Novice: 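Quick one: the structure is below, questions incoming.
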Amino acid sequence: MNAHPEATPEAGADSGALVELADVSKYYGNVRALEDVSLEVHPGEITCVLGDNGAGKSTLIKIIAGLHPHDTGTLRIAGEETRLSSPRQALDRGIATVYQDLAVVPLMPVWRNFFLGSEPTTGKGPFRRMDVRFMRETARAELARMGIDLRDADQPIGTLSGGERQCVAIARAVYFGAKVLVLDEPTAALGVKQSGVVLKYVAAARDAGLGVVLITHNPHHAYLVGDRFVLLKRGAMAGSHLKGDVDLDELTRQMAGGSDLDELGEALERAPVPDHLGGGAARGPEPGGR
Ligand code: ADP
């Protein structure tokens with residue numbers, strides 16, 4: 001299906017997007033990891049990036065998260081053309097990325113992980129110390145605000161389920177003022193129920209006004225929460241849709257291989273069975289048969 005006109009605005013037009021990629025390409029030596037990829041991330045919306053293994057999803061994350069700069073095309077953040085060359089730069093521009101293998105310290109309590117690397121302090125001079133009370137209360141309140149009901153913010157984060165840990169990471173990004181939240185396959189390793197819980201918090205981040213990039217290979221998960229869908233295939237765009245322009249069946253079909261699948265279907269279609277091999281009437285019960 002063709003890209004929706006709104007999904008690929010004219011270069012230079014200010015679309016109101018928080019992040020916008022226009023014809024972005026990335027090469028690793030001779031390997032084309034991404035070619036001419038365009039997408040938009042808007043406040044209060046979820047842009048889903050769908051693709052199979054090797055489609056270029058990780059490469060796309062790396063470009064938006066500042067790990068690897070793009071080679072050609074345009075990256076705009078809040079309308080301003082940018083080239084990110086470090087994760088710090090992306091963070092400073094309000095882009096938070098939650099990776100599948102979350103960087104947590106399993107034995108430390110949830111509240112400690114919530115503030116990891118950005119611990120608030122109290123007191124002055126030699127009496128300066130981490131503000132444990134503030135951290136504990138704030139982490140609990142922030143998690144509750146996102147609807148995350150933790151039994152105990154003092155428990156080591158390693159005792160939480162994978163889904164709960166993803167939720168803590170999302171709440172953390174919201175608390176620290178992220179404008180854009182990039183989620184790397186947050187439901188990939190989860191069962192149905194936990195996936196549902198994580199998607200609920202992804203939607204909560206959206207409702208808090210963030211622009212969300214949800215990377216997934218699951219069209220069902222994408223369709224539940226997504227406003228925009230970008231399909232990648234071998235590094236190139238295989239589709240770009242707004243929710244109103246595509247239904248779940250079509251998205252699933254495209255994700256499953258689209259036209260490739262149709263061709264495969266045709267190739268596998270049974271040729272008619274010749275008569276001498278039992279074709280024709282042989283499909284039904286034979287009249288007067290045994
Ligand atoms: P996905 O995350 O969708 O599985 P990737 O972005 O990891 O896809 O990979 C896209 C393509 O780019 C693949 O063909 C992959 O082999 C290639 N690629 C990714 N990273 C590198 C790299 N650092 N060096 C060389 N090739 C890479």
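Residue numbers count from 1 along this sequence. Numbering of ligands and ligand atoms starts at 1, following listing order. These figures come from a predicted structure and were not determined experimentally. The figures here come from the full heavy-atom set of this structure, side chains too, leaving out hydrogens, waters and symmetry mates.
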Novice: Say whether, by atom type as modelled, one donor and one acceptor occur between the side chain of D52 and the main chain of H217 under 3.5 angstrom.
Specialist: no
Novice: Can you tell me how far CG of D249 sits from CD of Q254, rounded to the nearest 0.5 angstrom?
Specialist: 11.5 Å
Novice: If only side-chain N and O atoms count, and only distance matters, is there a donor-acceptor pair under 3.5 Å linking E142 with T138?
Specialist: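 Side chains of T138 and E142: no pair found under 3.5 Å.
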Novice: Between R76 and E80, does any side-chain N to carboxylate O distance fall below 4.0 Å?
Specialist: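 Looking at R76 and E80, the cut-off is not met.
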Novice: Non-hydrogen atoms closer than 4.0 Å to ligand 1: which protein residues do they belong to? List them by chain and number, please.
Specialist: Y28, V31, A33, D52, N53, G54, A55, G56, K57, S58, T59
Novice: Would you say the side chains of E250 and H241 form a donor-acceptor pair under 3.5 Å?
Specialist: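 No pair is found: no donor N or O on one side chain lies under 3.5 Å from an acceptor on the other.
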Novice: Indicate the ring-plane relationship of F115 and F176, choosing parallel, tilted or perpendicular according to the 30° and 60° boundaries.
Specialist: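 Answer is perpendicular, since the angle exceeds 60°.
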